[in-house]
Number of protein chains: 2
Amino acid sequence: MAEQQRGSVTLMDVAARAGVSLATASRALNGSTRRVGDDLRERVLAAARSLNYAPNAQAQAMARGQTNVVGLVVQDIADPYFSSIAAGVMGAAEGHQVLVTLGSTLRRSEREVDYLVAARGQRSRAVILAGSRMDDDDHAQALRREVEIFENDGGTVVAISQKHLPVDTVVIENRIGARDLAAELVALGYRRFGVLAGADRMLTSRDRVHGFRDGLGRSGVDLDPAFVLHGAFTRDGGYEAMQTLLDSGGELDCVFAVNDVMAVGAMAACRERGLAVPDDLGLAGFDDISTLRDVYPALTTVRLPLEKVGATAFDLVLSAPERTKPRTRRIKGEVVLRQSTRRID
Amino acid sequence: MAEQQRGSVTLMDVAARAGVSLATASRALNGSTRRVGDDLRERVLAAARSLNYAPNAQAQAMARGQTNVVGLVVQDIADPYFSSIAAGVMGAAEGHQVLVTLGSTLRRSEREVDYLVAARGQRSRAVILAGSRMDDDDHAQALRREVEIFENDGGTVVAISQKHLPVDTVVIENRIGARDLAAELVALGYRRFGVLAGADRMLTSRDRVHGFRDGLGRSGVDLDPAFVLHGAFTRDGGYEAMQTLLDSGGELDCVFAVNDVMAVGAMAACRERGLAVPDDLGLAGFDDISTLRDVYPALTTVRLPLEKVGATAFDLVLSAPERTKPRTRRIKGEVVLRQSTRRID
DNA sequence: TTGTATGCGTTATCAG
DNA sequence: CTGATAACGCATACAA
């Protein structure tokens, strides 16, 4: 006898079935301080179970004035860099009774603002902004403004990448990692470097290039600006930049691609030209994307604990204090020498 | 003058500022049938803007009795297979004013039920269940039950992989893909095959194995069950299964790993033993994970349009009819022959 | 066209 | 310990 056409069972249904008041039912099911008689509590629980009661989270949120929604905004969820971070966030959220909503900006930073507004509408507890900032970002000001509004409403914002927003931030030590890599490569004997960079506006790319140049400098090696090529921060970007670099005719002995995905593209370009890595040319990347650990020859790179980055961001959300100075968590990379570079004389 | 301690601006604030009633403000901002005078509408919009008003989505949901939340449940967001599907879902959702929530089961299928309950609590409009079913799934019954409850509440469930739930499903043609692959491999001249499979309970793995065997059979080639090894559905699973297979001493000329990630692990195992692919042994995978397109030697595989799979699932959500027979969308793979296999005589 | 009043499902405040 | 009842913020049926 179609007991319910559509629309779910409510707390009232449960209360009625258990023969108690709404308040008692609420307390028995979701109340914090358990001050309900055991007998009644039992009846309520039984009623809820038999009715398949699921509390209306929206209504709870309204009544409580807060939600357990955390927004995660990435540039591209299909990019292993971001999906690893996302996995870290999800893992850390596990068991904390929070709902993670996913936003993908497709590398258009103005979308970040949209997501922030949406998150505010959802009364989200927090938003994690994962992704490199652009230097000349037209939307930087709009973002700052929206962040401020969101925080004024009581929300928490956590950023991942660079410290460019006055919020808790997981800073990825791109410069240091690239510097260390440069030092190791010089130690191997490399001297004439080329660099495959992303867009110059992209801070992550720029930091890695600067750090690399800095590391070379400390070892007394110069980096010829003519051999620093800019392309898309993708496989194809690396492929094309490498082609251009090879066409330029510079006599290089090692190439640093600012991320693994670009490095893989570069490797493909080398292969096409019959250039052997590492025999004819050393090649290094950055990130240590786990899916790419088995490329051959194995890529020398800077390992970033991406899942830990995500987990750390989530920890910052959980431990967000009332309103203090923004905190910073620094995460360093670790140079991993593999077969794409070798000792040369 | 701390205009607002915490807590956001409400529609009432906007209405007051604009000097109109709540209803008018509501209609001007979110109402469907625009029946508000231009002057008032303008005033309301201006007020909302100046106050940074963002409608409380929870309250809207309650008043409307429905939400725009769509839940996406994957097994592991860090797995490129699932992150590609997720990207497809996100892309299709773009511009449709829906919020995608992300759930990750970490390959524990009982978590799917948890997410479904949570989605029901959120009064989610729909849930997309991405991920292979297990054959002897203890939780299958619980899942069926929860799906039914969710749908009774008016929610839509869409599954991706196999048709094993009475809901709209994006079926991935694993058998056909594997069968086609087998045919092509036989055509290349291969005869003595080994297979690296996932857990036998996992339907996706099983379908691919069966399809492969079927394809061989049609070409008059037998698959020795002794050379079908089961391992984890991961890189390491492929690596270990390949080791075992090589240890078994069978004289094989081609190995089919049921997914690319396992194939890459297998390739690593071969390399360690000094076995050259494809010269000493052919190797094929399944999925055509884009991040792995540049492994060397390039992997022969079955290309699955993963983003399209996700997009199709989302389309099913959008077009979910009142209550009819479950629909099925079949998505086929396409054999891609690359360097990890070759013509042999 | 605009305003008034009611209800959505819960929590929390207040009495009993 | 338990039960009425008032918010919570918005949409909408109804009245003007």
Side-chain angles (χ1 to χ4, degrees), chain A residues 4-45 47-48 51-69 120-124 153-154, chain B residues 4-45 47-48 51-69 120-124 153-154:
Chain A
Q4 51 182 63
Q5 291 277 16
R6 72 183 53 166
S8 348
V9 328
T10 73
L11 190 56
M12 243 180 47
D13 301 328
V14 176
R17 174 80 107 102
V20 301
S21 76
L22 210 57
T24 299
S26 171
R27 288 192 274 254
L29 288 170
N30 319 306
S32 45
T33 44
R34 36 120 73 204
R35 310 173 2 185
V36 174
D38 287 346
D39 46 343
L40 285 194
R41 144 176 256 91
E42 214 36 65
R43 288 229 304 275
V44 172
L45 261 44
L51 289 173
N52 293 319
Y53 171 69
N56 184 324
Q58 323 274 349
Q60 285 185 316
M62 251 191 48
R64 289 183 174 138
Q66 57 164 311
T67 68
N68 279 311
V69 177
R120 188 153 60 91
Q122 290 291 329
R123 301 301 183 265
S124 298
D153 276 15
Chain B
Q4 51 183 63
Q5 290 277 13
R6 73 183 55 166
S8 347
V9 321
T10 73
L11 189 57
M12 243 180 47
D13 300 328
V14 175
R17 175 79 108 101
V20 302
S21 77
L22 211 57
T24 300
S26 172
R27 289 190 272 253
L29 289 170
N30 319 307
S32 44
T33 42
R34 36 122 72 207
R35 312 170 6 183
V36 174
D38 288 346
D39 45 344
L40 285 193
R41 144 177 257 91
E42 217 31 69
R43 287 231 303 275
V44 172
L45 261 43
L51 290 173
N52 293 318
Y53 171 70
N56 184 324
Q58 324 274 348
Q60 284 186 315
M62 254 192 47
R64 289 183 173 138
Q66 58 163 310
T67 68
N68 278 312
V69 177
R120 186 153 59 93
Q122 290 292 329
R123 301 299 183 267
S124 299
D153 276 17

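A, B, ... follow the sequence lines: proteins, then strands. Residue 1 opens every chain.
Contacts of B:Gly37 with the nucleic acid, taken as non-hydrogen atoms under 4.0 Å apart, involve only primed sugar atoms and P, OP1 or OP2. Nucleic acid contact class of A:Leu40 (heavy atoms, under 4.0 Å, all strands): sugar-phosphate only. At the heavy-atom level, B:Ser26 lies under 4.0 Å from base atoms of the strands shown.
Rounded to whole Å, the distance from CG on B:Asp39 to P on C:dT2 is 6 Å. One interatomic measurement links the two molecules: CG of B:Asn30 to P of D:dT12, which rounds to 9 Å at whole-angstrom precision. As rounded to whole Å, 17 Å separates atom C1' of C:dG9 from atom CZ of B:Arg64. Look at CD on A:Gln58: it is 13 Å from P on C:dT11, rounded to the nearest Å. A straight line from CZ of B:Arg43 to P of C:dT2 spans 9 Å, rounded to a whole angstrom. Rounded to whole Å, the distance from CD on B:Glu42 to P on C:dT1 is 16 Å.
Two residues, B:Leu22 and A:Ala25, neighbour DNA chain C, and the one matched to the more 5' nucleotide by heavy-atom proximity is B:Leu22. Where B:Met62 and B:Ser21 meet DNA chain C, the nucleotide closest to each residue was compared, and B:Ser21 sits on the side nearer the 5' end.
Of the candidates C:dA12, C:dG3, D:dG9, C:dG3 carries the atom nearest the B:Arg27 side chain, counting heavy atoms from C-beta on. With D:dG9, C:dT10, C:dG3 as the candidates, the nucleotide lying closest to the side chain of B:Asn56 is D:dG9. Checking C:dT2, D:dA11, C:dA12 against the side-chain heavy atoms of B:Gln60 singles out D:dA11 as nearest.
The backbone N or O of B:Ala47 sits nowhere less than 3.5 Å from a side-chain atom of B:Arg17 that would complete a donor-acceptor pair. Remark: the backbone N or O of B:Asp153 is not paired with any side-chain donor or acceptor of A:Ser8 at under 3.5 angstrom.
A side-chain contact (heavy atoms from CB on, under 4.5 Å) with B:Val20 is found for one member of B:Val36, B:Val44, B:Val14 and no other, namely B:Val44.
Between C:dG3 and B:Thr24, a contact under 4.0 Å exists linking OP1 or OP2 to a side-chain N or O.
Considering only heavy atoms from C-beta on, B:Pro55 stays 4.5 Å or farther from B:Leu29 through its side chain.
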